[in-house]
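The structure appears right after this line, and notes come after that.
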Amino acid sequence: MTEEKYKALNFIEQILEEDLESGKHQGRVHTRFPPEPNGYLHIGHTKAICVNFELAKKYGGKTNLRFDDTNPTTEDTEYVEAIKRDIEWLGFEWNDEPYFASDYFPQLYKFAVKLIEDGNAYVDPSSAEEIAALKGTPTEPGKNSPYRDRPIAENLQLFAEMKEGKHADGAMVLRAKVDMTSPNMHMRDPVIYRIKHAHHHRTGDTWCIYPMYDFAHGQSDSIEEITHSLCSLEFIHHRALYNWFIEKLGIFPSRQIEFARMNVSYMITSKRKLLKLVNDGFVTGWDDPRMPTVSGMRRKGYPASAIRTFCDKVGVAKRDNLIEVELLESCVREDLNAISTRVMVVTDPIKLTITNFDQGTILLPADNNPEDEAAGKREVPFSSEIFIERDDFMIDPPKKYFRLGPDRTVRLKNAFIITCTDYQTDADGNVTEIMATYYPDSKSGSDTSGVKAKGTLHWVDAKESLPIAIHEIGRLFTDPTPASHEDKEITEFFNDESLIINDNARAEPYLASVKYDEHLQFMRKGYYILDENADGLVFNKTVNLKDSWAKKK
RNA sequence: UGAUCCAUGGUGUAAUUGGCAACACAUCGGUUUUUGGUACCGACAUUCUAGGUUCGAGUCCUAGUGGAUCAACCA
């Protein structure tokens with residue numbers, strides 16, 4: 001009766017299962033996540049991280065974290081630390097210690113020498129412009145460099161001199177001798193080593209020549225005996241070269257498999273553009289809660305589990321995609337609904353006086369989370385003077401308005417049912433205070449009043465409530481694909497309302513004691529979290545609650 | 001005027017590999033509710049086009065069409 005449940009496999013899982021079945025690599029699955037330490041991890045990286053780590057986990061394999069640090073002029077240890085922290089926070093454990101492509105520089109150098117010895121590489125003193133000129137175009141074949149057939153001994157000599165620092169930056173490069181007429185541009189004698197007299201964040205000044213991506217990435221995969229090297233679609237044209245080096249060097253045959261990277265609406269994933277937002281002061285840093293970075297999302301209150309679920313739901317395929325950010329937000333809400341502490345916060349307070357309440361201040365029990373009995377209860381102070389939301393009262397409300405207005409009756413969450421008896425306005429007709437009476441026998445949990453209330457309002461006690469600041473975080477951009485307009489800067493689409501600071505909110509006393517990792521639901525408003533970078537009571541909005549009333553209006 | 005990859009609802013992925021197009025998000029409508037939240041129910045597709053093979057095609061073949069990618073001493 002073992003009913004075999006058919007579970008849909010994505011195309012990479014199909015490849016993995018075929019390899020497992022055929023006994024390739026003794027049934028071993030070993031992946032890697034290879035970030036370059038020149039920026040912070042963003043939403044796009046989370047997809048690559050989830051795919052690499054979760055696929056390996058699913059098939060009993062391991063995943064290496066390897067820093068692709070072959071360009072000393074853009075990379076920094078600051079980024080290494082931030083990347084490690086973000087991956088751990090996302091909930092993944094890499095195999096062993098983190099690896100670094102720079103640790104393989106000696107080996108990579110030997111690989112290059114072997115290539116030269118076998119007549120598969122040559123030193124070219126042509127300038128970058130000259131090399132580009134002979135490269136041809138995608139539709140026209142390239143032409144051989146005049147230095148292409150330099151004798152092996154000479155190549156060896158020059159390459160050694162490059163390493164010894166006898167030549168200036170850009171004076172010459174080492175090129176693989178592949179095929180200048182290949183329709184694949186990457187096969188037209190790609191540069192594999194360049195001279196850079198630059199300080200490397202790990203190897204210091206040991207080297208003044210550095211391998212290019214194509215001569216570092218695949219070789220690192222082989223050195224680590226990575227079985228499946230999963231990367232994004234734009235590397236598809238590099239695969240031929242990747243395999244060419246494996247063949248010429250006779251090294252471990254890692255297999256590169258490309259999948260479509262994830263694009264999310266209203267977010268950008270260009271590290272250059274993100275850095276520009278930081279440098280030009282559009283945001284306060286890489287971890288600004290508006291940023292699509294892992295650290296930004298963390299500070300905004302997105303749970304790691306929600307991000308993982310999101311990546312899982314997005315799936316893995318080869319076609320270009322634009323995921324609606326609403327799916328991410330839905331995953332966040334789903335998580336937060338289950339775990340967040342419900343609290344009452346009035347974001348735009350207006351005073352309401354209960355004219356017939358004369359018990360001073362009393363404490364009322366409130367559920368911390370109706371979805372989770374075990375979360376328990378806390379007590380909320382209540383007295384004759386409270387604050388409610390300004391937009392929960394209308395002098396002349398429309399038909400379907402369930403809230404307060406003259407002679408209307410509502411329930412105060414966790415407290416009593418009240419009826420509005422009067423209100424005051426200023427010279428401009430703005431409501432300044434509301435008066436109401438309460439039904440003593442309508443107390444939450446022991447309501448015997450028989451009074452019907454259509455709506456329920458949240459509130460805070462006027463005296464006991466705390467002033468807090470709320471940072472309403474919105475979309476960073478006003479356009480779903482700000483980077484898709486070739487003639488426009490992304491900053492033209494910067495959303496001026498991406499951060500709205502509200503210093504006027506009032507919260508129940510409980511908020512004075514919340515921790516940085518406690519997710520909160522401000523009832524009827526949204527999910528919030530204490531800002532990990534602020535000193536006082538500053539709360540960042542994670543995401544709104546769904547609001548069918550806002551839509552109706 | 002090259003090469004490579006891709007094409008299923010508004011969005012993203014499925015379809016047990018040739019057998020009733022499914023799931024999620026979004027949208028719209030409804031039920032429940034001391035959060036206009038949650039939960040629950042319902043609605044929402046001639047599988048890019050045209051031919052072909054077949055009892056049968058989203059799936060295979062042919063030709064189109066559309067999109068993406070490739071010419072850094074970046075990764």
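Proteins get letters first, then strands, A, B, ... in listed order; numbering begins at 1 in each.
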So what does A:F235 touch, heavy atoms closer than 4.0 Å: a base, only the sugar-phosphate, or nothing? base
Closest to side chain of A:K413, choosing from B:rU17, B:rA71, B:rU35: B:rU35
Can you confirm whether A:R261 is buried at CZ, in the sense that more than 12 heavy atoms of other residues, nucleotides or ligands lie under 6.0 Å from that atom? no
Using a cut-off of 4.0 Å on non-hydrogen atoms, how would the nucleic acid contact of A:D214 be classed: base, sugar-phosphate, or nothing? nothing
Closest to the A:R319 side chain: B:rU13, B:rC73, B:rA75? B:rU13
Nearest-nucleotide 5' precedence on RNA chain B, A:N38 against A:L545: A:L545
Between B:rU53 and B:rC41 - P atom distance, rounded Å: 45 Å
Would you check if A:Y213 stacks with the base of B:rA75, given a 5.5 Å centroid limit and a 30° plane limit, both strict? no
At 4.0 Å (heavy atoms only), tell me whether A:G142 reaches a base, stays on the sugar-phosphate, or touches nothing. nothing
Pick the C1' atom in B:rC48 and in B:rU65, then give their distance to the nearest Å. 7 Å
Paired nucleotide for B:rG9 [Watson-Crick or G-U wobble; both distances under 3.5 Å]: none
Of the listed nucleotides B:rA24, B:rG36, B:rU4, the one nearest the side chain of A:T456: B:rG36
With rounding to whole Å, what would you report as the distance between B:rC44 and B:rA24 at their C1' atoms? 15 Å
Between the side-chain atoms of A:S444 and the base atoms of B:rU34, is any donor-acceptor pair under 3.5 Å? yes
For the side chain of A:Q14, counting heavy atoms from C-beta on, which of B:rU17, B:rA71, B:rC74 is nearest? B:rU17
Are a donor atom and an acceptor atom from the side chains of A:Y40 and A:E78 found within less than 3.5 Å of each other? yes
Pair A:E334, A:T309: side-chain N/O donor-acceptor within cut-off below 3.5 Å: no
Applying a 4.0 Å non-hydrogen cut-off, can you work out what A:S446 is touching in the nucleic acid: base, sugar-phosphate, or nothing? nothing
Report which part of the nucleic acid A:E258 touches: base, sugar-phosphate, or nothing (heavy-atom distance under 4.0 Å, all strands). nothing
Same-atom distance (C1') from B:rU46 to B:rU35, integer angstrom: 44 Å
Can you check whether A:H45 reaches A:I87 side chain to side chain, under 4.5 Å on heavy atoms? no
The side chain of A:L327 lies closest to which of these nucleotides: B:rA3, B:rC25, B:rG36? B:rC25
For A:T73, which contact category applies under a 4.0 Å heavy-atom criterion: base, sugar-phosphate, or nothing? nothing
Whether the A:Y439 and A:T419 side chains hold a donor-acceptor pair (N or O, under 3.5 Å, no angle test) is what I'd like checked. yes
Using a cut-off of 4.0 Å on non-hydrogen atoms, how would the nucleic acid contact of A:M212 be classed: base, sugar-phosphate, or nothing? sugar-phosphate
Nearest to the side chain of A:K318 - B:rU38, B:rG12, B:rC5? B:rC5
Ignoring the backbone of A:V173, work out which of B:rA71, B:rC25, B:rC73 is nearest its side chain. B:rC73
Atom CD of A:E329 to atom P of B:rU27: distance rounded to whole Å? 11 Å
Looking for any heavy atom pair under 4.0 Å, which part of the strands does A:H217 touch: base, sugar-phosphate only, or nothing? nothing
Indicate, with a heavy-atom threshold strictly under 4.0 Å, whether A:K400 touches base, sugar-phosphate, or nothing. base
Between B:rC6 atom C1' and A:L233 atom CG, what is the distance in whole Å? 8 Å
By the 4.0 Å heavy-atom rule, please label A:T137 as base, sugar-phosphate, or nothing. base
Could you tell me which nucleotide pairs with B:rA15 by Watson-Crick or G-U wobble geometry, both distances under 3.5 Å, or answer none if nothing does? none
When the C1' atoms of B:rU69 and B:rG29 are considered, how many whole Å apart are they? 44 Å
Considering every strand shown, what is the Watson-Crick or G-U wobble mate of B:rA63 when both distances are under 3.5 Å? B:rU49
Would you mind reading off the distance between A:L9 atom CG and B:rA22 atom P, rounded to a whole angstrom? 20 Å
It should be established whether A:R261 places a side-chain nitrogen or oxygen under 4.0 Å from OP1 or OP2 of nucleotide B:rG12. no
If you check the A:R194 side chain, which of B:rA14, B:rG36, B:rC74 turns out closest? B:rC74
Report yes if a side-chain nitrogen or oxygen of A:K546 is closer than 4.0 Å to either non-bridging phosphate oxygen (OP1 or OP2) of B:rU38; otherwise report no. yes
To the nearest angstrom, the CG-P distance between A:N321 and B:rG67 comes to 18 Å
Quick one: label A:K443 by what it contacts on the DNA or RNA (base, sugar-phosphate, nothing), any heavy atom closer than 4.0 Å. base
Indicate, yes or no, whether a donor-acceptor pair under 3.5 Å links the base of B:rG10 to the side chain of A:E326. no
Among the nucleotides B:rC70, B:rU38, B:rC6, which one has an atom lying closest to any side-chain atom of A:H237? B:rC70
Categorize A:R403 for me: base, sugar-phosphate, or nothing, with a 4.0 angstrom heavy-atom threshold over every strand shown. base
A side-chain contact here means heavy atoms from C-beta on lying under 4.5 Å apart; do A:F522 and A:L520 qualify? yes
Between B:rU17 and B:rG58, how many Å separate the two C1' atoms, rounded to a whole number? 12 Å
So for atom NZ, which belongs to A:K58, do other residues, nucleotides or ligands contribute more than 12 heavy atoms lying within a distance under 6.0 Å? yes
What contact category does A:Y401 fall into here, base, sugar-phosphate, or nothing, at under 4.0 angstrom with non-hydrogen atoms? base
Can you tell me, in whole Å, how much space there is between the P of B:rG19 and that of B:rU59? 11 Å
Enclosure of A:E164 CD (heavy-atom neighbours >12, cutoff 6.0 Å): yes
Complementary nucleotide for B:rU4 - Watson-Crick or wobble, under 3.5 Å: B:rA68
Across all strands shown, which nucleotide pairs with B:rG42 by Watson-Crick or G-U wobble geometry, both distances under 3.5 Å? B:rC28
Rounded distance (Å) that lies between atom P of B:rC25 and atom CD of A:E334: 8 Å
Using distance alone, with no hydrogens and no angle criterion, decide if A:D124 and A:S126 have a side-chain donor and acceptor under 3.5 Å apart. yes
Nearest to side-chain heavy atoms of A:M185, which nucleotide of B:rA71, B:rG2, B:rA75: B:rA71
Mind checking if A:E324 touches a base, just sugar-phosphate, or nothing, with heavy atoms under 4.0 Å? base
How long is the span from the OG1 atom in A:T74 to the NE2 atom in A:H201, to the nearest 0.5 Å? 9.0 Å
First of A:E129 and A:P370 reached from the 5' end of RNA chain B, by closest nucleotide: A:P370
For B:rU38, is chi within 90° of 0 (syn) or not (anti)? anti
Would you say A:R524 places a side-chain N or O within less than 4.0 Å of OP1 or OP2 belonging to B:rG36? yes
C1' spacing across the pair B:rU54 / B:rU1, given as an integer number of angstrom: 38 Å
Examine B:rC74: is either OP1 or OP2 under 4.0 Å from a nitrogen or oxygen in the side chain of A:K196? Give yes or no. yes
Return no unless some side-chain N or O of A:T139 is found under 4.0 Å from OP1 or OP2 of B:rA3. no
For atom CE of A:M262 and atom P of B:rA24, their distance in whole Å: 21 Å
